[in-house]
2 protein chains.
Amino acid sequence: MKTIESVQNKEIKEVCKLHTKKGRDGSNQFLVEGVHLIQEAYEAHLLDRIFLSENVELDLDVEQVLCSQAVLNKISLQKSNASCIGLCHKPDRKVVSCDRTLLLDEVQDPGNMGTLIRSALSFGFNAIFYSKGCVDPYNPKVVQASQGALFKVHIEEAEMVSTIRKLQEDGFLVLGTALRSYSHFLHEIEFPKKTAFVLGNEGSGLSNRVIGVCDDCVKIDMDRFESLNVGVAGSICMYSCFIQGR
Amino acid sequence: MKTIESVQNKEIKEVCKLHTKKGRDGSNQFLVEGVHLIQEAYEAHLLDRIFLSENVELDLDVEQVLCSQAVLNKISLQKSNASCIGLCHKPDRKVVSCDRTLLLDEVQDPGNMGTLIRSALSFGFNAIFYSKGCVDPYNPKVVQASQGALFKVHIEEAEMVSTIRKLQEDGFLVLGTALRSYSHFLHEIEFPKKTAFVLGNEGSGLSNRVIGVCDDCVKIDMDRFESLNVGVAGSICMYSCFIQGR
């Protein structure tokens, strides 16, 4: 097995470039941490190489590189001592057709983005389009929060307004989520087979420009006027649509 | 206005003790960061003092202490430059009676805990009991994720099994959330007026000991066998119960 002990190693320096969006975009690669995510990436045929410590044994048919703890700590973005990190390539983009679609506009918190991807897969929203202003879905914190769901959905950066128009031409009902007085309550909506939800930024919500092209707006009924975490709100929307079609 | 410029100031050292659970438990105080949370704490009559930079003006009837940036950075747990931090006291515990109750067993992620508190308030689950193994709800990250909801619910540390039994004696249906084969689907349940949900740890779920005393187990129907973030799962449970009672 190949061994790397020096943090000055050229390959390791290249790998560390994947800590930034620029680096990930440039090489079309990203990193995953921990046994669970490495296995998920392997099953999705995205895993190219594993950097691991001598304490870890992984029975996967992929190149393994034994690393010193200093090297693993340098590759890892976690605080505690990392034991295995996978180098992956992003999946090929193929045109997909999915009756349930999620659009994310300026969702900036990695935890929320990952949670939404995880819930989307669970409720059959297998196509996700995100705006340029969203956090990069291959950001390690997003990958972590998605718990591997990122490898199983179609996810693609897209301009929101034109994507909404394309979905509408394709017969989708496109619902923006917004706490407006004219928004319909989620639980009163009859969802057609082709439904898309659009979710906005954590602080400012959806822009008027995006709301303007949506077919309608929905809001979640609450006991008192509060607001919900966007990951929760989006998940409740997707669950409601999924259950109605059950 | 009182001014503190030195990070060696005795009062500042005392305040920094609130970064740990031990410190918060000892003095019954906690910190909030940012204008929004400071205002929420003020409205809940929990705010005792504000530490702020000269760039911030807050029109609140509470003692304000002007601090150097170095002092604010020392008090703050955020990475970027803090501009205002509130010193608060924990609310008095009074016995409350609430028909919808949430129990959290070993929920360890601050973001999940905060999100669950936020959703609980939104859906009228105004009493929350949490086990000793949960993250401290006055942890700054929990306070942040709860977006002030923490100040408006009754939240109390409690032993799970005895609390479940007490709720049952009081007429509650206590539902554990668990992905078991015998669990009922959430969308097929008729919720009585008094309903309590019990949520478990992010990694290991609910213990058999706790499941054993619950009246029943529920699971959320999904498109494929995946798992959901506990904050999302709990929020969907509470939303479903709330909407049925609408």
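Predicted model only: the values in this text are computed from it and were never measured. A, B, ... follow the sequence lines: proteins, then strands. Residue 1 opens every chain.
- For NE2 of A:His45, the number of neighbouring non-hydrogen atoms (other residues, nucleotides, ligands) closer than 6.0 Å is 12 at most.
- Within 6.0 Å of atom NZ in B:Lys141, 12 or fewer heavy atoms from other residues, nucleotides or ligands are found, so the atom counts as exposed in its surroundings.
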Can you check side chain to side chain contact (heavy atoms under 4.5 Å, CB included) on B:Leu228 and A:Ser119, steps first, answer last? CA-CA 6 Å; B:Leu228 293 166; A:Ser119 294; 3.9 Å; yes

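- Judged purely by atom type and a 3.5 angstrom limit, B:Arg224 has no side-chain atom pairing as donor or acceptor with the backbone of A:Leu121.
- Ranked by heavy-atom pairs shorter than 4.5 Å toward chain B, the options A:Phe185, A:Phe242, A:Phe125 are led by A:Phe242.
- Only the side chain of A:Ser240 comes within contact range of chain B, with heavy atoms under 4.5 Å apart.
- Across A:Asp221, A:Ile220, A:Asn126, A:Ile243, the residue that shares the most heavy-atom pairs under 4.5 angstrom with chain B is A:Asp221.
- Heavy atoms from other residues, nucleotides or ligands lying under 6.0 Å from CD of B:Glu190 number 12 at most.
- The candidate from A:Ser122, A:Gly234, A:Ala233, A:Ser235 with the greatest count of non-hydrogen atom pairs under 4.5 Å with chain B is A:Ser122.
- Contacts with chain A were tallied for B:Gly124, B:Gly148, B:Ser227, B:Gly114; B:Ser227 has the most, counting heavy-atom pairs under 4.5 Å.
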Intermediate values then yes/no, side chain to side chain contact (heavy atoms under 4.5 Å, CB included), B:Arg118 and A:Val232: CA-CA 10 Å; B:Arg118 187 175 175 186; A:Val232 165; over 6 Å; no

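- Only the side chain of A:Thr115 comes within contact range of chain B, judged by heavy atoms closer than 4.5 Å.
- Interface remark: A:Phe123 contributes backbone and side-chain atoms alike to the contact with chain B (heavy atom separation under 4.5 Å).
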